[in-house]
Asks: 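The structure that follows is given in the form of structure tokens.
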Amino acid sequence: GAYGLPGAGSRGLGVFGHRGWRCGVASRARAGRRPRPGQPVIHVDFVYQPMRNEYGNVSGIFVLGSDVTARHQAHEALRSSEETLRMARDAAQLGIHIYDIPSDVIEWDSRVRALWGVDADEKINYAEFKSGLHADDLAATTAAVQRALDPAGDGRYSAEYRVRHRQDGTLRWVRATGQTFFAGGQPQRLVGTTLDISEHKNAETSKNLFLATLGHELRNPLAALRNATALADALPADEDRRQWAQNVVKRQIAHMTRLVDDLVDVARIAYGRIELQKQPVLLSDLVQQALDVVKPALEQSGHRLTVSQPAEPVPLHVDPVRLTQVLSNVLLNAVKYSAAGSAIHFTAERSAAGGELLIRIEDQGIGLAAHELESVFDLFSQAGSGRDQARGGMGIGLSLARTLVNLHEGHIQARSAGYGLGAEFTIALPLPAHAMPPAPPAPAEPAEPTRHPVDGCRVLVVDDNEDAARTLALLMELEGAQVGLAFNGTDALARADALRPEILLLDIGLPDMSGHELCRQIRKRPWGARAIIVAQTGWGQEADRQRSHDAGFDEHIVKPVQVEALARVLGTVQALRRSAAASGA
């Protein structure tokens with residue numbers, strides 16, 4: 001609409017004499033009045049023009065008003081959409097690249113420029129883009145660009161490449177995507193996004209390296225096991241070399257067991273499932289247990305180990321299993337990175353202030369550079385990688401040791417004068433303010449001839465791995481048991497009903513029913529309520545033990561089952577049963 005305002009004068013020109021001035025008014029309301037609640041808002045574009053008389057003086061103002069509500073709403077929607085897009089792009093950490101093909105000009109936003117180390121006002125063209133690519137990625141990346149610019153294709157661009165930062169030289173992995181827009185059959189613009197994927201690529205590289213290392217570490221003992229068993233089969237029973245082969249088998253099984261235990265503990269740490277079982281224990285006992293673990297490795301390599309610890313008893317309040325694991329892992333690390341026959345020193349002493357126990361393990365091995373003193377504790381880290389690839393190991397031992405020491409509220413530190421000059425690892429543990437040493441064992445009574453807990457018992461072994469089942473059954477027979485075998489749950493129930501075993505060793509992962517269900521079925525039998533039922537499984541988390549307990553198992557043993565450990569478990573259960581029977585419980 002249009003209307004005139006006569007007699008506005010120069011003062012009216014100062015207020016209204018502005019072309020394109022806009023305001024929002026409510027319907028049927030005068031300009032400038034606020035809309036009433038609930039009324040729609042109309043946006044009007046006013047154009048003002050002075051009206052002059054025959055003398056050239058302003059006699060009025062011509063006003064033209066246009067309803068621009070739809071245009072205003074479209075503008076607001078676009079602004080909101082752009083803001084949403086910007087927020088989404090920032091959340092995804094996406095950079096924007098625009099390649100204007102005719103002018104050979106590339107536009108990068110601040111995120112892409114930061115990846116390349118390029119100043120905000122620097123001009124970028126295609127040649128500059130290529131100059132920052134890693135040489136190994138240049139051919140594949142330029143080929144991806146050419147495919148996107150080909151009018152015969154779909155114009156899509158996708159590439160992964162490494163970018164070298166211009167200023168500090170660091171390499172970052174980038175994933176770039178985009179779409180080419182054509183006009184007249186010729187490419188005009190390539191528009192797309194850039195994403196820093198360095199962390200993903202590094203994790204993938206670490207995973208691949210870990211899997212390759214794991215395969216290597218498992219194949220080594222498997223090769224020794226295969227050769228030793230073949231040798232034992234070929235030699236007479238009284239041949240000395242047969243005993244040597246059997247010792248090889250024992251060492252390699254122990255080595256593989258440590259590998260698997262470390263892997264399981266890494267998984268427990270990742271999910272926060274390691275809980276310490278602290279108890280009073282003497283330092284000397286822990287040291288002896290750790291030395292028992294590393295003794296085969298020391299004997300095989302010929303290292304000379306010296307041990308120094310306080311003469312008086314040093315009481316601790318720790319998890320003995322976990323702390324033994326720490327000491328043995330650090331000692332085995334010293335063995336691995338030292339030349340055969342060299343010296344390793346183990347020293348334990350109270351700190352000067354008396355509040356800490358300091359344990360130092362010093363070797364004469366390959367040493368560490370300054371930048372490796374912290375990273376050597378990282379998961380899957382290999383000390384001296386690149387200098388020596390023949391040491392083996394998965395890079396788990398020291399990382400696990402640091403975690404377990406930290407859980408004990410202590411700390412571990414590495415020192416080295418440099419490559420070839422050996423290394424020293426210091427473990428500091430808090431000493432309890434008021435700790436009672438473990439009670440000495442009661443004087444042993446005259447012992448009767450030792451009998452294995454299965455001697456004279458009926459035993460049922462159930463495992464779908466026939467080799468594992470048969471070997472365990474043979475070991476039980478050697479100890480004087482009458483043994484039955486089953487390889488699935490259905491056969492186990494039938495065999496159990498016939499044998500009525502006093503002891504059942506059940507695998508959990510059976511093909512037709514779980515070991516938990518089998519245990520529950522056996523407990524329903526009149527004779528099953530009195531039987532000793534032990535779970536033998538590869539699952540060893542606390543939740544797994546709880547499920548076994550809930551299903552009715554007396555004990556839960558993690559594979560590989562050691563006969564000595566099984567004997568201790570069975571002996572304990574039998575003693576508890578006798579004690580309960582004597583007390584009438």
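Starting from 1, each residue takes its place in the sequence as its number.
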Asks: Is there a salt bridge (charged side-chain N to carboxylate O under 4.0 Å, His left out) between Glu128 and Arg166? Walk through the geometry before answering.
Replies: CA-CA 11 Å; Glu128 291 292 328; Arg166 285 192 183 179; 2.6 Å; yes

Asks: For the atom pair CG (Leu115) and OG (Ser110), what is the distance rounded to the nearest 0.5 Å?
Replies: 10.0 Å

Asks: I'd like to know whether Val314 forms a side-chain contact (heavy atoms from CB on, under 4.5 Å) with Leu431, so could you lay out the CA-CA distance, the side-chain angles of the two residues, the decisive distance to 0.1 Å, and finally the verdict.
Replies: CA-CA 9 Å; Val314 179; Leu431 287 170; 4.0 Å; yes

Asks: Minimum heavy-atom separation for Ala468 and Asp463, please, with both atom names.
Replies: CB-OD2, 4.1 Å

Asks: With a 4.0 Å cut-off, would you call Arg547 and Asp550 a salt bridge?
Replies: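 Judged by the 4.0 Å cut-off on N to carboxylate O distance, Arg547 and Asp550 do not form a salt bridge.
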
Asks: To the nearest 0.5 angstrom, please state how far the CG atom of Leu291 sits from the CG atom of Leu286.
Replies: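 The CG atom of Leu286 is 11.0 Å from CG of Leu291, to the nearest 0.5 Å.
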
Asks: Side chains of Val105 and Lys123, heavy atoms from C-beta outward: is any pair under 4.5 Å?
Replies: no

Asks: Would you confirm whether His303, through its side chain, and Leu305, through its main-chain N or O, come within 3.5 Å as a donor-acceptor pair?
Replies: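 Checking the backbone N and O of Leu305 against the side chain of His303, no donor-acceptor pair under 3.5 Å is found.
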
Asks: Side chains of Val287 and Gln309: closer than 4.5 Å at any heavy-atom pair?
Replies: yes

Asks: Within a strict 4.5 Å, meaning less than it, do heavy atoms of the Tyr161 and Asp136 side chains meet?
Replies: no

Asks: Search all heavy atoms of Thr141 against all heavy atoms of Ala159 and return the closest pair with its distance.
Replies: CG2-CB, 4.4 Å

Asks: Determine whether Gln325 and Asn329 satisfy the following criterion, side-chain hydrogen bond (donor to acceptor under 3.5 Å, both in side chains), listing intermediate values before the conclusion.
Replies: CA-CA 6 Å; Gln325 193 174 5; Asn329 278 358; 5.6 Å; no

Asks: Would you say that more than 12 heavy atoms from the other residues, nucleotides or ligands in this model lie under 6.0 Å from the CD of Glu409, or not?
Replies: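 Incorrect, the count does not exceed 12.
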
Asks: Return yes if some donor-acceptor pair links the side-chain N/O of Asp137 with the main-chain N/O of Ala140 below 3.5 Å, else return no.
Replies: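 Pair absent, no side-chain N/O of Asp137 close to backbone of Ala140.
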
Asks: Once you round to the nearest 0.5 Å, how far does OG1 of Thr194 lie from CD1 of Ile197?
Replies: 11.0 Å

Asks: Could you walk me through whether Phe425 and Asn333 pass the side-chain contact (heavy atoms from CB on, under 4.5 Å) check?
Replies: CA-CA 10 Å; Phe425 290 84; Asn333 183 77; 3.8 Å; yes

Asks: Minimum heavy-atom separation for Ser416 to Leu368, with atom names?
Replies: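 That would be OG-N, 3.0 Å.
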
Asks: Rounded to the nearest 0.5 Å, how far apart are OG of Ser301 and CD1 of Ile344?
Replies: 6.5 Å

Asks: Does a side chain donor of either Thr193 or Thr177 reach within less than 3.5 Å of an acceptor in the other side chain?
Replies: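 The answer is yes; a qualifying pair exists.
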
Asks: Let me confirm one number: the CZ-CG distance from Arg164 to Leu171, rounded to the nearest 0.5 Å.
Replies: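 Here the rounded value is 4.0 Å.
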
Asks: State, to 0.1 Å, how close Leu332 and Ala297 come at their nearest heavy-atom pair, and which atoms those are.
Replies: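 Of all heavy-atom pairs spanning Leu332 and Ala297, the closest is CD2-CB, 3.8 Å.
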
Asks: Mind checking what makes salt bridge (Lys or Arg N to Asp or Glu O under 4.0 Å) contact with Arg545, not counting sequence neighbours?
Replies: none

Asks: Check the orientation of Trp116 and Phe129. Use parallel for under 30°, tilted for 30 to 60°, and perpendicular for over 60°.
Replies: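 Rings of Trp116 and Phe129: tilted, as their planes differ by 30° to 60°.
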
Asks: Is the count of non-hydrogen atoms from other residues, nucleotides or ligands lying under 6.0 Å from His549 atom NE2 greater than 12?
Replies: no

Asks: Go through it in stages, so that I can follow the logic: the residues are Leu566 and Ile557, the test is side-chain contact (heavy atoms from CB on, under 4.5 Å), and I'd like the CA-CA distance, side-chain angles, deciding distance and then a yes or no.
Replies: CA-CA 8 Å; Leu566 178 60; Ile557 297 180; 3.6 Å; yes

Asks: Counting neighbours of CZ on Arg156 that are heavy atoms of other residues, nucleotides or ligands and sit closer than 6.0 Å, is the number greater than 12?
Replies: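 It does not: Arg156 CZ has 12 such atoms or fewer within range.
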
Asks: Give the minimum heavy-atom separation between Ser342 and Gln364, together with the two atoms involved.
Replies: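 Residues Ser342 and Gln364, closest heavy atoms: CB-OE1, 3.6 Å.
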
Asks: Side chains of Arg402 and Gln413, heavy atoms from C-beta outward: is any pair under 4.5 Å?
Replies: no

Asks: For Arg172, check salt bridge (Lys or Arg N to Asp or Glu O under 4.0 Å) against everything at least two apart and list the hits.
Replies: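 If we apply the salt bridge (Lys or Arg N to Asp or Glu O under 4.0 Å) test to Arg172, skipping adjacent residues, the hits are Asp196.
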
Asks: Quick one: does any side-chain atom of Asp168 pair with a main-chain N or O of Thr170 as donor and acceptor, under 3.5 Å?
Replies: yes

Asks: Do Lys201 and Glu160 sit within salt-bridge range, that is, some charged N less than 4.0 Å from a carboxylate O?
Replies: yes

Asks: For the residue pair Phe346 and Val294, establish whether any side-chain heavy-atom pair is separated by less than 4.5 Å.
Replies: no

Asks: Could you tell me if the side chain of Ile106 sits less than 4.5 Å from the side chain of Ile98, heavy atoms only?
Replies: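 No, too far: nothing below the 4.5 Å cut-off.
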
Asks: If you take all heavy atoms of Gly178 and Leu190, which pair is closest and at what distance?
Replies: C-CD1, 4.1 Å

Asks: Go through it in stages, so that I can follow the logic: the residues are Leu510 and Asp507, the test is side-chain contact (heavy atoms from CB on, under 4.5 Å), and I'd like the CA-CA distance, side-chain angles, deciding distance and then a yes or no.
Replies: CA-CA 7 Å; Leu510 298 172; Asp507 184 25; 4.1 Å; yes

Asks: Counting distance only, does the side-chain N/O of Ser351 pair as donor-acceptor with the main-chain N or O of Gly354 below 3.5 Å?
Replies: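 Pair found, side chain donor or acceptor close to backbone of Gly354.
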
Asks: Does any N or O in the side chain of His408 come within less than 3.5 Å of the main-chain N or O of Gly410, such that one atom is a donor and the other an acceptor?
Replies: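 Such a contact is absent between His408 side chain and Gly410 backbone.
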
Asks: Are the side chain of Asp319 and the backbone of Arg322 linked by a donor-acceptor contact shorter than 3.5 Å?
Replies: yes

Asks: By side chain to side chain donor-acceptor pair (under 3.5 Å), which residues pair with Thr324, not counting sequence neighbours?
Replies: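 Only Gln289 meet the side chain to side chain donor-acceptor pair (under 3.5 Å) criterion with Thr324.
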
Asks: When you check the side-chain N and O atoms of Thr306 and His345, is any donor under 3.5 Å from an acceptor?
Replies: yes

Asks: Okay, side chain of Ser548, backbone of Asp544: is any donor-acceptor separation there less than 3.5 Å?
Replies: yes

Asks: Do Gln288 and Asp292 have side-chain heavy atoms sitting under 4.5 Å apart?
Replies: yes

Asks: Can you tell if the side chain of Pro310 reaches within under 4.5 Å of the side chain of Leu283, non-hydrogen atoms only?
Replies: yes

Asks: Do the side chain of Arg304 and the main chain of Gly341 share a donor and acceptor less than 3.5 angstrom apart?
Replies: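 Between the backbone of Gly341 and the side chain of Arg304 there is a qualifying donor-acceptor contact (under 3.5 Å).
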
Asks: May I ask you to check whether over 12 heavy atoms, not counting those of Gln179, lie within 6.0 Å of atom CD?
Replies: yes

Asks: So does Ala290 get a backbone contact from the side chain of Ser328, meaning a donor-acceptor N/O pair under 3.5 Å?
Replies: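 No.
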
Asks: As an exercise, state the distance from CD of Gln536 to CG of Asn465, rounded to the nearest 0.5 Å.
Replies: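 Going from CD on Gln536 over to CG on Asn465, the span is 10.0 Å.
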
Asks: One thing to verify: whether Glu349 and Arg360 come together as a salt bridge, which I'm taking to mean a side-chain N less than 4.0 angstrom from a carboxylate O.
Replies: yes

